[in-house]
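Comments concern the structure below.
A, B, ... follow the sequence lines: proteins, then strands. Residue 1 opens every chain.
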Protein chains: 2
Amino acid sequence: MLDESTEDDRSLAARIARALAAQIVSGALKPGERLRQDQIAQAFKASHVPVREAFRRLEAQGLVVTEPRRGVRVARLDPSDVMEVAEIRASLEALALRHAVPKLAASDLDRARQALENCIGKTEVADWEAANRAFHESITTPCGLPRLNAAIADLHRTSARHLFATWQTLDWQPRSDDEHRAILKAIEAKQVDTAVELLSKHVLEAGHALAAALEKQ
Amino acid sequence: MLDESTEDDRSLAARIARALAAQIVSGALKPGERLRQDQIAQAFKASHVPVREAFRRLEAQGLVVTEPRRGVRVARLDPSDVMEVAEIRASLEALALRHAVPKLAASDLDRARQALENCIGKTEVADWEAANRAFHESITTPCGLPRLNAAIADLHRTSARHLFATWQTLDWQPRSDDEHRAILKAIEAKQVDTAVELLSKHVLEAGHALAAALEKQ
DNA sequence: GATCAATAATAGATTATCTATAATAATGCC
DNA sequence: GGCATTATTATAGATAATCTATTATTGATC
């Protein structure tokens with residue numbers, strides 16, 4: 001999930017799922033939009049079989065919903081879902097961080113510092129999202145728990161979708177990086193409880209901001 | 001996930017996935033065993049297309065792993081995975097319970113008491129597992145958070161697999177129901193923090209017991 | 001006995017075809 | 001004319017036969 005180039009691209013279904021996921025996250029495919037299997041098969045010069053497999057992957061990630069005998073459509077966005085994802089992310093990233101702190105190597109902290117710097121001055125939402133995600137992953141993935149890391153990566157994907165859907169490119173104002181800095185400081189001081197608490201609050205607050213913005217639309 | 005009869009059984013792929021999941025959880029399909037798509041298609045009198053879709057569902061649930069160009073096999077069981085699932089379950093059930101307590105209706109508490117009673121005196125592991133799961137679900141699903149409930153249900157499935165793999169039917173000795181009773185008591189007294197803390201510890205301890213038993217094998 | 005080529009098995013994918021269902025259009029009825 | 005009911009159509013879901021590419025296995029060679 002981290003390094004996208006190493007991800008399983010060996011099957012056509014996996015490639016189609018990844019391409020569709022990117023389009024859903026970016027907003028190119030709108031919430032509620034129907035995904036017709038034959039049409040998508042044509043677009044990817046494939047048959048309907050790998051397309052259907054891709055649908056099952058996307059369904060598991062919560063990016064599409066299947067209505068039996070009526071096909072699949074892009075999952076709808078609502079503020080309650082935004083907050084639910086934020087709550088789950090806060091819980092799981094907190095758990096991951098707690099396990100990661102004792103294992104953090106100097107290179108992990110370097111990555112975190114670098115990602116923190118990269119967040120600064122980003123005017124494009126997509127650029128900021130990538131740097132923000134890199135920061136979160138740099139401090140959580142070293143927990144070494146594969147299921148947990150996969151679950152968090154899935155939630156990040158959905159969070160990114162919420163972000164792109166809410167803030168348009170033009171009126172995007174990056175969040176202050178004070179919270180990231182405080183989290184990193186606590187980690188460097190090996191104050192696990194403080195770091196976990198700060199990370200959890202940070203994710204929840206970001207979720208609140210997103211949900212509030214979505215309400216206004 | 002809760003009431004299995006209402007689950008989506010409309011597609012053949014969903015039915016195949018459910019049947020295979022049940023066989024993997026029960027242990028009828030052994031860890032590491034190859035699942036040949038043509039063989040399974042024959043067994044279900046189906047073609048390979050819905051079988052492949054079923055594989056994608058099972059993959060998302062962590063019950064099988066896909067090796068590109070080499071097919072799928074039943075996911076292996078190791079003590080580290082048991083503990084990881086327990087940790088994630090503890091976090092997410094705690095979150096669910098926190099949201100559920102203020103919403104719990106009298107009927108939910110009745111269900112919980114009934115499930116608690118049903119745990120007593122069960123000699124078959126499968127019976128105890130069903131009653132235990134009913135207890136946990138009775139107090140967490142009322143949180144009303146669909147993603148969270150689905151994630152917890154998936155983890156319960158995997159926990160059940162760990163349980164069935166570890167304890168054989170003959171030497172199964174049910175855990176004491178004291179912990180369940182204490183959790184319920186705290187919920188009834190609306191002591192949210194206490195209840196959440198007890199539930200989290202309870203899930204972790206059960207995980208430890210399972211992991212230890214698996215180490216011994 | 002190890003190495004490499006030939007062979008077999010099968011995952012992954014295509015294509016054409018079929019059925020069942022849901023949405024839409026057309027028809028009859030009051 | 002407006003409305004319920006019945007064709008029609010589009011498409012999801014599924015099948016079957018077939019094809020290719022890759023992995024695994026066997027056998028021959030040194």
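- A donor-acceptor contact under 3.5 angstrom links the side chains of B:E87 and A:H99, judged on distance only.
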Give each protein N/O atom lying under 3.5 Å from an N/O atom of nucleotides 22-25 of chain C, with the pair distance.
| residue | atom | partner | partner atom | Å |
| --- | --- | --- | --- | --- |
| C:dA23 | OP1 | A:R70 | NE | 2.9 |
| C:dA23 | OP1 | A:R70 | NH1 | 3.1 |
| C:dA23 | OP1 | A:R70 | NH2 | 2.7 |

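- Residue A:L163 holds its CG atom at 8.0 Å from CG of A:N132, rounded to the nearest 0.5 Å.
- Here the C1' atom of nucleotide C:dT14 and the CG atom of A:L12 are 11 Å apart, to the nearest Å.
- A salt bridge is absent between A:R56 and A:E53; no separation between the charged side-chain nitrogens and carboxylate oxygens falls under 4.0 Å.
- Of all nucleotides listed (D:dG13, C:dT14, C:dG12), C:dT14 comes nearest to the side chain of A:P50.
- Note that the CZ atom of B:R89 and the OG atom of B:S200 stand 10.5 Å from one another [nearest 0.5 Å].
- The line from OG1 of B:T140 to CG of B:L92 is 10.5 Å long, rounded to the nearest 0.5 Å.
- Using a 4.0 Å cut-off between a side-chain N of Lys or Arg and a carboxylate O of Asp or Glu, A:E129 and A:R133 qualify as a salt bridge.
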Given side-chain contact (heavy atoms from CB on, under 4.5 Å), test A:L77 with A:V82 step by step and report yes or no. CA-CA 8 Å; A:L77 287 168; A:V82 173; 5.5 Å; no
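- Phosphate contact (OP1/OP2 of C:dG12, side-chain N/O of B:R52, threshold under 4.0 Å): present.
- In this structure, B:H180 and B:H202 have perpendicular ring planes: the angle between them is above 60°, well past the 30° mark.
- Here B:E93 contributes atom CD and B:L199 contributes atom CG; the two are 5.5 Å apart, rounded to the nearest 0.5 Å.
- Across all their heavy atoms, B:P50 and B:A13 have their closest contact at O-CB, 3.5 Å.
- For residues 35-48 of chain A, proximity to DNA chain C is found at A:K45, A:A46, A:S47, A:H48, defined as any non-hydrogen atom under 4.0 angstrom from a strand atom.
- If you measure from atom CD of A:E53 to atom P of D:dG13, you get 14 Å, rounded to the nearest angstrom.
- Annotation: A:K45, atom NZ; neighbour count of heavy atoms from other residues, nucleotides and ligands within 6.0 Å does not exceed 12.
- The C1' atoms of five pairs define one axis at each end of the helix from C:dG1-D:dC30 to C:dC30-D:dG1, and these two axes lie 0° apart (to 10°).
- If you measure from atom CZ of A:R73 to atom P of D:dA12, you get 11 Å, rounded to the nearest angstrom.
- Taking atom CD of residue B:E67 and atom P of nucleotide C:dT10, one finds them 15 Å apart after rounding to whole Å.
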